[in-house]
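All chains are named by letter (A, B, ...) in the order of the sequence lines, taking the proteins before the strands, and each is independently numbered beginning at 1. The basis for the numbers below is simple: all heavy atoms, side chains too, and nothing from hydrogens, waters or symmetry mates. Just so we're clear, the structure is a prediction, and the values are computed from it rather than from any experiment.
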Amino acid sequence: LPALAAALGPGPFPGLCPFPGLCPGWSPRAVPARGRKSRHDPPAKSKAGRVKLPPPVDPEELLVVLERYRQHRLVLSALRYRHGPGMGMGLAKSRGSGQPPALLGMDVSPHPSDFSFLSGREERLRKEEEEQKRRKLEIAEKRARKMEAFLEEKEKEVLQLQEEAKNFITPENLEARIEECLDNPRNYNFAIDKDGRIVKRTVLS
Amino acid sequence: AFSAGSRLLRGCRGGHVVIRFALGGCTNRPFFRIVAANSKRARDGKYLEQLGCLDPLPNAHGEKVAGLNLERLRYWLGCGAQLSRPAEKLLGLAGFLPLHPMTVTGAERLRRRRQREQQPEAAPADGSAEPGTGT
């Protein structure tokens with residue numbers, strides 16, 4: 001409300017200050033400000049003949065509604081008393097934990113106790129949970145398979161290295177290998193032309 | 001009756017405990033927290049305990065989701081907390097309390113209005129069909 005008053009500025013008092021010089025806080029607005037009237041503003045001329053009536057009431061419906069309200073309040077006060085301080089503790093323990101709190105323990109009809117319209121949501125949530133579990137399982141399986149493949153490759157490499165290790169040159173067979181190399185001279189010379197053809201037979205050999 | 005004698009409501013001087021909706025969220029995106037507070041406090045001010053939440057806008061599946069802490073609700077109701085009207089209606093729809101009378105009345109009115117709308121559609125349709133078959 002104070003924000004509105006600040007936005008609107010002091011309302012124009014008819015007959016009091018026709019000149020802006022007299023009341024420096026007020027100036028005529030080029031565009032009328034859209035806002036609510038304060039309680040000191042007079043009603044508009046278009047509303048002069050307006051007669052305000054209360055909304056129409058159906059007497060039968062009113063009786064029915066009053067009776068419903070009476071019963072509703074009765075039930076509520078009974079529920080409050082039943083679960084009042086000191087009374088709710090013992091009752092909560094005696095009741096089975098697996099049962100849903102059907103109206104705080106009281107059975108009041110008419111109320112839809114079977115929430116069939118909720119089953120769609122619960123099913124959807126359950127399905128989503130199962131989907132998530134399945135996806136997690138799949139991811140875990142994929143990871144396991146990748147690990148297995150990796151391990152297999154590493155094992156193969158290890159075996160290959162072991163195989164090659166038999167051909168290594170060690171201090172024991174050093175002299176034998178040197179003699180072998182000297183006995184079998186290998187020619188590493190080759191020529192290559194622009195088309196990529198390799199020629200092994202050279203002038204030297 | 002309860003708030004005078006009950007030791008548990010000693011924190012409320014002059015007011016009474018009320019279970020109501022506190023509005024939060026952003027522009028064009030409301031979000032309600034179901035809250036037990038002193039009735040004299042501001043709507044979004046300090047509360048005693050949060051008992052749940054309500055999202056008034058329907059989600060992608062067309063559901064309006066609410067969460068309720070039934071155990072604590074039961075405690076506060078037993079202490080003698082009052083309920084605001086929308087809180088009563090929500091709890092009635094949830095099944096925790098009996099249905100609010102105005103929920104039932106509103107549903108009846110809607111049903112009657114729909115019947116009245118259907119009958120004029122059926123009546124002019126019959127009225128237009130009969131002269132066609134009669135002539």
Side-chain angles (χ1 to χ4, degrees), chain A residues 55-58 60-93 95 97 99-128, chain B residues 1-10 16-17 19 52 55 58-85 87-89 91-113 116:
Chain A
V57 170
D58 185 14
E60 299 169 0
E61 198 192 37
L62 180 66
L63 286 172
V64 167
V65 165
L66 287 173
E67 177 59 28
R68 279 183 190 155
Y69 261 111
R70 191 184 68 81
Q71 289 186 357
H72 180 73
R73 285 190 195 121
L74 207 64
V75 172
L76 273 184
S77 62
L79 287 171
R80 273 187 218 279
Y81 178 72
R82 191 171 189 272
H83 291 268
M87 298 192 62
M89 274 69 107
L91 285 168
K93 281 175 195 163
R95 213 183 308 135
S97 57
Q99 292 169 13
L103 281 180
L104 298 181
M106 274 184 67
D107 205 32
V108 179
S109 67
H111 192 93
S113 47
D114 65 323
F115 294 99
S116 51
F117 55 89
L118 281 178
S119 60
R121 177 184 155 84
E122 282 171 7
E123 280 173 15
R124 192 167 39 83
L125 289 173
R126 223 181 300 136
K127 274 185 196 166
E128 278 175 18
Chain B
F2 279 94
S3 40
S6 173
R7 286 169 60 249
L8 296 153
L9 300 171
R10 222 187 301 162
H16 52 93
V17 177
I19 298 173
D55 182 8
N59 67 4
H61 306 277
E63 301 155 346
K64 286 190 192 170
V65 182
L68 298 167
N69 189 347
L70 297 176
E71 195 52 54
R72 295 302 296 169
L73 262 173
R74 212 175 294 146
Y75 166 78
W76 281 111
L77 283 175
C79 282
Q82 303 295 315
L83 288 162
S84 70
R85 204 172 302 149
E88 263 193 42
K89 289 190 173 169
L91 292 175
L93 284 170
F96 189 65
L97 295 177
L99 270 181
H100 193 80
M102 290 319 289
T103 317
V104 181
T105 318
E108 283 177 357
R109 285 178 186 167
L110 189 67
R111 194 179 288 180
R112 258 181 270 141
R113 198 185 312 149
R116 256 180 278 137

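Applying the ring-ring contact (aromatic ring centres under 6.0 Å, His included) rule to A:His72 yields the partners B:His100; only residues at least two apart in sequence or on another chain are considered. Residues forming a side-chain hydrogen bond (donor to acceptor under 3.5 Å, both in side chains) with B:Glu63 (at least two apart in sequence, or on another chain): A:Arg121, A:Arg124, B:Asn59.
The shortest heavy-atom contact between A:Arg80 and B:Gln82 is NH2-CA, 4.1 Å.
Atom CD of A:Glu128 is surrounded by more than 12 heavy atoms from other residues, nucleotides or ligands within 6.0 Å.
At a 4.5 Å heavy-atom cutoff, the contact between B:Val104 and chain A is made by backbone and side-chain atoms alike.
Inter-residue side-chain proximity for A:Glu61 and B:Thr105 is flagged as met; some heavy-atom pair is nearer than 4.5 Å.
If you take CZ on B:Arg112 and CG on A:Asp58, they are separated by 7.0 Å, rounding to the nearest 0.5 Å. Note: A:Leu79 CG to B:Leu97 CG = 6.5 Å, rounded to the nearest 0.5 Å.
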